[in-house]
Amino acid sequence: MTTLPRGPIRPARTARPLRAAVAHATLALAALLSPVLAAQAAEFRSADIHPDDYPTVLAVRHMADLVKERSNGKMTIRVFSGGKLGSENDSIEQVKLGALTMARVSSAAMHNICPNTRVPSLPFLFRSVDHLHKVLDGDIGAQLLKACEGAGFVGLAWYDSGSRSMYTRNKPIKTLADAQGLKIRVQQSDLSVAMVEAMGANATPMAMGEVYTSLKTGLVDAAENNFPSYESAHHYEVARYYELTEHSMTPEILIFSKRQWDKLSPDDQKILRDAASESVPYMRKLWTERETKSRAIVEKAGAQIIEVDKASFQAAMKPVYERFVTTPEMKDLVQRILAVQ
Ligand code: GTR
């Protein structure tokens, strides 16, 4: 039987040089392995122009929690909100290059890059939020998420963005005739420009970050967005009339750099995809709450919510469909969307 020594085991004096050598070798090994370890533990950065408490930002943070947990901390996602990494177009450019991993952007920002993303933005296409959800959750949504892969973007999820409506600084719009000649800020997309021009107005495309000042100084007479953006970007302070045109339900899209995606293992890709999908119902709940909250905030602050003759706006949209729904694939997508019950 061996007797174990009591108390702390003190190495014999003679062992010191050996210990030093072992320590040295360990450090050398760690230095050798560190690139390998770094390659295994990945920190992804994701951009969003919205503030910290906006549903899109909270949804990507939720996805980040799931990814961290499921990858045992190997993959982490840092979300940079409030446009800290630049405008939507800046982020898209960075994601394409692989300098930034992810971005949550409006799908309108992808229109000119991958034309099929125009489809869900077509004016008055969806009958209801339920119709939109059925389309985006099904085959069509999956097909459209792949629309930008050739251009360097893996689509991970669609997020809600409600309905976009007009808002004006000087006078309310009630019918299509009231929109004639107005200068209206739109997103940087050909389709958005065409839509406003089909209403008889002049479109001024610009980044979201410039809209507040442009409305305030009168560079534009109007803009259009959903309640949460109208509220969180303080546009209601400078454009008091919010007209319920509800002309488009352009969804948000979460994009991942294809360059970085292709370097990941199938298991890691699955963790990311699943977590993104699971952030969708989470986001939808936050979105519904935020729409109500934002509407209450703007009304309390004196914004006037105006019912409009929607049919007159809808009737003017034919040229937009004629100009943009041109390929057999797009025509098929539109037909299938309309057929979804
Ligand atoms: C918002 C959207 C933003 C941005 C903005 C805009 O609804 O969430 O990503 O695209 O609209 O009008 O520029």
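Since we're looking at a predicted model, the values are computed, not measured. Each ligand, and each atom within it, is numbered from 1 in the order the structure gives. Just so you know, residue 1 is the first one in the sequence shown, and it goes up from there.
Atoms of ligand 1 lying under 4.0 Å from any heavy atom of S106, numbered from 1 in the order shown and given with element: 9 (O), 10 (O).
In terms of protein heavy-atom proximity, atom 10 (O) of ligand 1 is nearest to Q187 NE2, 2.9 Å. For atom 4 (C) of ligand 1, the closest non-hydrogen atom of the protein is E88 OE2, 3.6 Å.
Relative orientation of the Y242 and F227 rings is parallel, given thresholds of 30° and 60° on the angle between their planes. In this structure, Y282 and H62 have parallel ring planes: the angle between them is below the 30° cut-off, well short of the 60° mark.
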* To do: Please test S161 against E252 for side chain to side chain contact (heavy atoms under 4.5 Å, CB included), starting from the C-alpha separation and ending with a verdict.
  => CA-CA 6 Å; S161 197; E252 315 285 4; 2.8 Å; yes
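Residue contacts with ligand 1 include S229, since one or more of its heavy atoms lies under 4.0 Å from the ligand. Ligand 1 lies within reach of R164, whose nearest heavy atom is under 4.0 Å from it.
The nearest non-hydrogen atom to atom 13 (O) of ligand 1, considering only Q188, R185, M206, comes from R185.
Listed for the N116 side chain is no donor-acceptor partner under 3.5 Å among the backbone atoms of A147. Formation of a donor-acceptor pair under 3.5 Å by the D160 side chain with backbone atoms of G162 is not found in this model.
Of all the heavy atoms of S161, the ones lying under 4.0 Å from any atom of ligand 1 belong exclusively to the side chain. The proximity of N226 to ligand 1, defined as any non-hydrogen pair under 4.0 Å, is limited to the side chain.
Under the 4.5 Å side-chain criterion, counting only non-hydrogen atoms from C-beta, Y54 is in contact with S229.
For ligand 1, the polar-atom distance check against N225 finds a nitrogen or oxygen pair separated by under 3.5 Å.
The aromatic ring centroids of H247 and F313 lie 6.0 Å or more from each other.
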